[in-house]
Protein chains: 2
Amino acid sequence: MVKQRPTISDVAREAGVSKGLVSFALNDRPGVAAGTRLRILEVANEMGWRPSLRARSLSTDRAFALGLVIARDPDIMSGDPFFPAFIAGVETALAPVGQSLVLSMVQSEEAEISSYRQLAAHGRVDGVILSDLRRDDPRIALVNELGLRAVTLGHPDAASPFPAISVDDSPGIRAAVAHLADLGHQRIAHVAGPSRMLHGVRRSNSFASVLRERGLVDTLVVETDFTAADGARATRELLALADRPTAIVYSNDVMAIAGLGVAQRSGFEVPRDLSITGFDGSDVGAHIYPSLTTVTTAVQDWGRQAAELLLRVIAGEDSDDIELAPAQLLVRESSAPPETNTTTTTAP
Amino acid sequence: MVKQRPTISDVAREAGVSKGLVSFALNDRPGVAAGTRLRILEVANEMGWRPSLRARSLSTDRAFALGLVIARDPDIMSGDPFFPAFIAGVETALAPVGQSLVLSMVQSEEAEISSYRQLAAHGRVDGVILSDLRRDDPRIALVNELGLRAVTLGHPDAASPFPAISVDDSPGIRAAVAHLADLGHQRIAHVAGPSRMLHGVRRSNSFASVLRERGLVDTLVVETDFTAADGARATRELLALADRPTAIVYSNDVMAIAGLGVAQRSGFEVPRDLSITGFDGSDVGAHIYPSLTTVTTAVQDWGRQAAELLLRVIAGEDSDDIELAPAQLLVRESSAPPETNTTTTTAP
DNA sequence: TAGTTTGACTAAACCGGTTCAGTTGGAAAA
DNA sequence: TTTTCCAACTGAACCGGTTTAGTCAAACTA
């Protein structure tokens, strides 16, 4: 004798009304006498009734879940503090309303596409969060075509039917460069993210614009794929230049840490011989030596608000773009004035 | 005129048979003539019919999804290479069979419990992967009681109704300690994970047993919560000892990197004055200076096989415990022989 | 007072599958 | 030839909700 969980019919029978009326009462719809509604709620409550998500899903054609497809190599993911914090934020928005996050982690663009297709075909989610926007991002049209709702993290480079929720990187990057320039650095390099990615491009643009404003060289830019290995490679290239930079601005903390490793290995002392800054505000960055000057954003809050926005979009409510607090510079030990006579120094 | 996706009734009508027969044909059940089955499949195919997950979910009482609840602070998560790789592995097992991963990231034990309750109550998943096992882990009884199927990563410390899929940490830790001892280290410390966590305990035990076998001091153990900050704290404590260790074995890479920072900040040169080893085989570890000697496991494979095992359990198939390839030592630069006369040296 | 409106409620269809109890027709057995 | 049996197939119930059309009595209008 297994005790089955009660269904809406059980509640109806117990309350002496019809199934439909119970549904009405529980969904706060008009047409139910106040007394009856109260009695129904009471009965439902004492029977411990919970609506069946599956039945609701079928009859209302909704999934009560959001999707997130991450297309990155696990190697890049590991060490990157963004997604864990972001997902934790998403969770804080979903848990209270009984919704869930369906996560998919893929490693190729084809797998990414088919992942969205599957989510849509199966009706697994009502909407998705589009992260890591790329130039001419094909996902926007795809997701729209598949009939999914969505929000984008950051503004796409073309018209989009979806609201964007953004954190402006510019102030952070500008502050980092300004900080280095104020310290006296003349040759500041940038180890950038992939130029296919919009935030990579935006950070590069901010970088370049500050340098131009200050009349400094803005040609020391190396593009990477965001991995530690590529950050190391970029650093080696920059340090091998005849006119090597005295400061390097990295597009993420992992690369900055790898770059620090390369510099130290080559005999440069940081920050005496080379200043470096990261981007992420990762936890480890605070504990390496020297601790990493970096740019931080409130990632968890971003996750929470992105999920809330998407829920609103799905509910058909207002859905204006949201602009969150911009990225901020966090000065630590890895940045200092250049040694006045080391501008053209190569490895000791 | 929106083109609706065809339902099983459409297929039945088109093929001139009943709904039920179409269902039988599509699920490869006996009682359908070969010719008829073929025709039905053909019709379904050319109509582009896909079964509705929601309808199947309701009628078969299954979710076609697995759950993973991660209970960690985002700070610990960031930098930890385990979950990204693990999840990527899970995905490779799920995508081909049209199943999904429902992920929940929580920050307290209460939230964790209620997360499992919600997954079960909503019938969101058919089974869950239990990671980061603790002593007397309450989740095993809970999940069982909730009627969910499960697999555990590693063997729990009590009887469990669920199969375990494990990677033996011991050989890795033993190899790391042996490696250091072989190099001539006499005072080897361990910066351990939380003793509430079973893998933390197991690593500590392996550590202690090798030392005893070799007749070395096994008292240099500091427990941490796995964060970079706590790893740094532990390192400071160890280095402040009168008889400071000449080598430290860390329970994860993040703490090892933080420990390296502390050592360098205190003027110790690694590995000349202090050898360190990590645990994880994280990507950054290979790029810092000196590169980190560490212990690696095939995490992505673990994820894939854990998901496959859970799918089998859910399908009611065989479900024996699985033992994967044990952890392996990866020797890099951060370990070297101790300076013979520095055993009792304090900070330079 | 008769006709109309309205609020409260019921019955049944519906979402799109699965499953089970019957029905049918043809081949094998008697 | 008649009976029996079985494979092939149908129709309907079912999963647990939502939604729509329709019933009914009381309240309101004319």
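Note on naming: letters A, B, ... go to the chains in the order of the sequence lines (proteins, then strands), and numbering restarts at 1 for each one. Reckoned from all heavy atoms, side chains included, excluding hydrogens, waters and symmetry mates.
- Side chain of A:Leu21, nearest nucleotide from C:dT10, D:dC9, D:dG17: C:dT10.
- The B:Val32 side chain lies nearest to D:dC9 when the options are D:dC9, C:dT18, D:dT18.
- Residue whose closest nucleotide on DNA chain C sits further toward the 5' end, between A:Ala34 and A:Gly20: A:Ala34.
- Atom-to-atom, CZ of A:Phe64 to P of D:dG17 comes out at 12 Å; the value is rounded to the nearest Å.
- Atom CG of B:Asp61 is separated from atom P of D:dG17 by 12 Å (rounded to the nearest Å).
- Atoms CG (A:Leu53) and P (D:dG16) sit 13 Å apart, rounded to a whole Å.
- Taking 4.0 angstrom as the limit, A:Ser23 places a side-chain polar atom (N or O) nearer than this to OP1 or OP2 of D:dT18.
- Within the structure, a side-chain polar atom (N or O) of A:Trp49 is placed less than 4.0 Å from OP1 or OP2 of D:dG17.
- Within the nucleic acid shown, B:Arg37 has no heavy atom closer than 4.0 Å to any nucleic acid atom.
- To the nearest angstrom, C1' of C:dA8 lies 11 Å from CD1 of A:Ile40.
- Listed candidates were D:dT19, C:dT10, C:dT18. Nearest to the side chain of B:Ser59 is C:dT18.
- There is no side-chain donor-acceptor pair under 3.5 Å between A:Ser319 and A:Arg312.
- Residue-to-nucleotide contacts include a donor-acceptor pair under 3.5 Å from the side chain of B:Lys19 to the base of C:dG17.
- When heavy atoms are screened at a 4.0 angstrom cut-off, A:Arg62 is found touching no nucleic acid atom at all.
- The side chain of A:Arg56 places an N or O atom within less than 4.0 Å of a non-bridging phosphate oxygen (OP1 or OP2) of D:dT18.
- Atom CG of B:Asp10 is separated from atom C1' of C:dG17 by 13 Å (rounded to the nearest Å).
- The distance from atom CZ of A:Arg29 to atom P of C:dA8 is 15 Å, rounded to the nearest whole Å.
- With D:dA13, D:dG16, D:dT20 as the candidates, the nucleotide lying closest to the side chain of A:Phe24 is D:dT20.
- From B:Leu133, atom CG reaches atom NE2 of B:His155 across 10.0 Å, with rounding to the nearest 0.5 Å.
- Residue A:Ser18 places at least one side-chain N or O under 4.0 Å from the OP1 or OP2 atom of C:dT10.
- Between C:dC9 and A:Thr36, a contact under 4.0 Å exists linking OP1 or OP2 to a side-chain N or O.
- D:dC15 atom C1' lies 12 Å from atom CZ of A:Arg5, rounded to whole Å.
- Considering only side-chain atoms of B:Leu58, the nucleotide from C:dC9, D:dC9, D:dG16 that sits closest is D:dG16.
- Of the N and O atoms on the side chains of B:Thr92 and B:Arg304, not one donor lies less than 3.5 Å from an acceptor on the other residue.
- Using a 4.0 Å heavy-atom criterion, one finds that B:Asn27 contacts the sugar-phosphate atoms exclusively.
- Distance A:Arg50 CZ to D:dC15 P: 21 Å, rounded to the nearest Å.
- Summarising the geometry, atom CG belonging to B:Leu309 is positioned 9.5 Å from atom CD1 belonging to B:Ile314; distances are rounded to the nearest 0.5 Å.
- Comparing D:dG16, C:dG17, D:dT18 by their nearest atom to the side chain of B:Ile8 picks out C:dG17.
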Candidate pair A:Arg54 and B:Asp61, rule salt bridge (charged side-chain N to carboxylate O under 4.0 Å, His left out), full reasoning:
CA-CA 8 Å; A:Arg54 287 171 186 160; B:Asp61 204 41; 2.8 Å; yes

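- Partner of A:Val43 under the side-chain contact (heavy atoms from CB on, under 4.5 Å) criterion, chosen from A:Val22, A:Leu38, A:Val11: A:Val11.
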